[in-house]
Amino acid sequence: MARRSLPLLKDLISRSSPNRITTRSVTYMHRPGDGTPRPVTLIPGDGIGPMVTGAVEQVMEAMHAPVYFEKFEVHGNMKVIPQDVLESIQKNKVCLKGGLVTPMGGGVSSLNVQLRKELDLYASLVNCFNLPGLATRHDNVDIVVIRENTEGEYSGLEHEVVPGVVESLKVITKFCSERIAKYAFEYAYLNNRKTVTAVHKANIMKLADGLFLESCREVATKYPGIKYNEIIVDNCCMQLVSKPEQFDVMVTPNLYGNLIANTAAGIAGGTGVMPGGNVGAEHAVFEQGASAGNVGNEQVLEQKVANPVALLLSSAMMLRHLQFPAFADRLETAVEHVILDGKYRTKDLGGTSTTQEVVDAVINALD
């Protein structure tokens, strides 16, 4: 996500100049018909999901954004994703999703994983960055974690060999490793990022993570303008909490990426403010970048204090994906203004505001 100066700061600077000149960036020349409202599949999900997706609906309506939602009830205790939901996403190509609770044990598979596999959403992207005005232990954090989403430890291949002995298979393929590496380097190239770091444990899992590294190295040779390096996952965790500003784009196998993204989110300001999404060749699903178990937090739900910022920023990512950059910029700028102002913040950011109060503040801050 591109970092931009806040309009408030620009206005203060311009007011201080005796010869102020109104400027704007070079215009976005749309294609004929690009203003046609686009359908987006909406899955409110479980727990705080309906609350934060409802926040997005309100802000989109206030902006008159050229999207409309096809809403479906999906819950984490279902055995499979309903067929009509899949058909809607396949038709619309884009989905906005609240969290889905995954039952612990019991043989019920995760609907989140099912959705990624059914739609081949092979790349998860989480942007962890400092928001102006939000105090954190570290400054200058702007990390993008790109995680392989369809194999690894989440392949779901488990069985009981004999009573008391369970075997869980980690699957790494050259095909999936190459395409996630290509996505990471392409992202870096398109977003003017300077470094891609591959996270691994090839010193122990020499064949599986070794294949992942081999694929990353091959792809890296095609992008000579981007620096490539590698780091063992345990050292990576230590480096993240001590010097997170050293990281730029990180590309990881499935499980490592989940852990790294949540850690980076906590460092940069918390899971309540970090946007993310999952993308494949044909479809994209946008959701809170890192959840860390807050989907089913009953206390947050009862007090109506869920932080809507992460999903609002994820919806800005969605607007940019749909080629509505001006709407994305307006939404991001309004959210950044509210965070910088500091008057309306939910409990996780040290405030006392409700979800609705934050939403109202964002709507009032829309340019």
Would Asp329 and Thr333 count as a side chain to side chain donor-acceptor pair (under 3.5 Å) if you check the C-alpha gap in whole Å, the side-chain angles of each, and the deciding distance to 0.1 Å? CA-CA 6 Å; Asp329 291 346; Thr333 301; over 6 Å; no

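- Cation-pi check for Arg217 over Tyr228 is not met; the charged atom does not lie both under 6.0 angstrom from the ring centroid and within 45 degrees of its normal.
- Checking side-chain atoms of Lys206 against main-chain N and O of Asn203 turns up a donor-acceptor pair under 3.5 Å.
- In the displayed structure, Leu190 atom CG is contacted under 6.0 Å by more than 12 heavy atoms of other residues, nucleotides or ligands.
- What you find for Met60 and Ser315 is that their closest heavy atoms are CE-CB, 3.6 Å.
- Side-chain atoms of Lys170 and Asn254 include no donor-acceptor pair closer than 3.5 Å.
- When only modelled atom types and interatomic distance are considered, Tyr68 and Glu70 share no side-chain donor-acceptor pair under 3.5 Å.
- The minimum heavy-atom distance between Ser177 and Ser215, with the atom names listed, is CB-OG, 3.5 Å.
- In this structure, Lys194 NZ and Asp248 CG are separated by 9.0 Å, a value rounded to the nearest 0.5 Å.
- With respect to Glu332 and Arg320, a salt bridge is recorded, a charged nitrogen being found less than 4.0 Å from a carboxylate O.
- For the pair Asp120 and Arg179, the salt-bridge criterion is met [side-chain N within less than 4.0 Å of a carboxylate O].
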May I have the step-by-step check of salt bridge (charged side-chain N to carboxylate O under 4.0 Å, His left out) for Glu57 and Lys71, ending in yes or no? CA-CA 11 Å; Glu57 289 183 277; Lys71 191 182 298 188; 3.3 Å; yes

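- Side-chain contact annotation: Ser124 with Asn149, donor-acceptor N/O pair under 3.5 Å absent.
- Side-chain polar atoms of Tyr256 and Asp209 form a donor-acceptor pair below 3.5 angstrom.
- Other residues, nucleotides and ligands place no more than 12 heavy atoms under 6.0 Å from the OH atom of Tyr344.
- A salt bridge links Glu178 to Lys174: one of the charged nitrogens lies within less than 4.0 Å of a carboxylate oxygen.
- The shortest non-hydrogen separation linking Arg38 to Asn92 is NH2-O, 4.3 Å.
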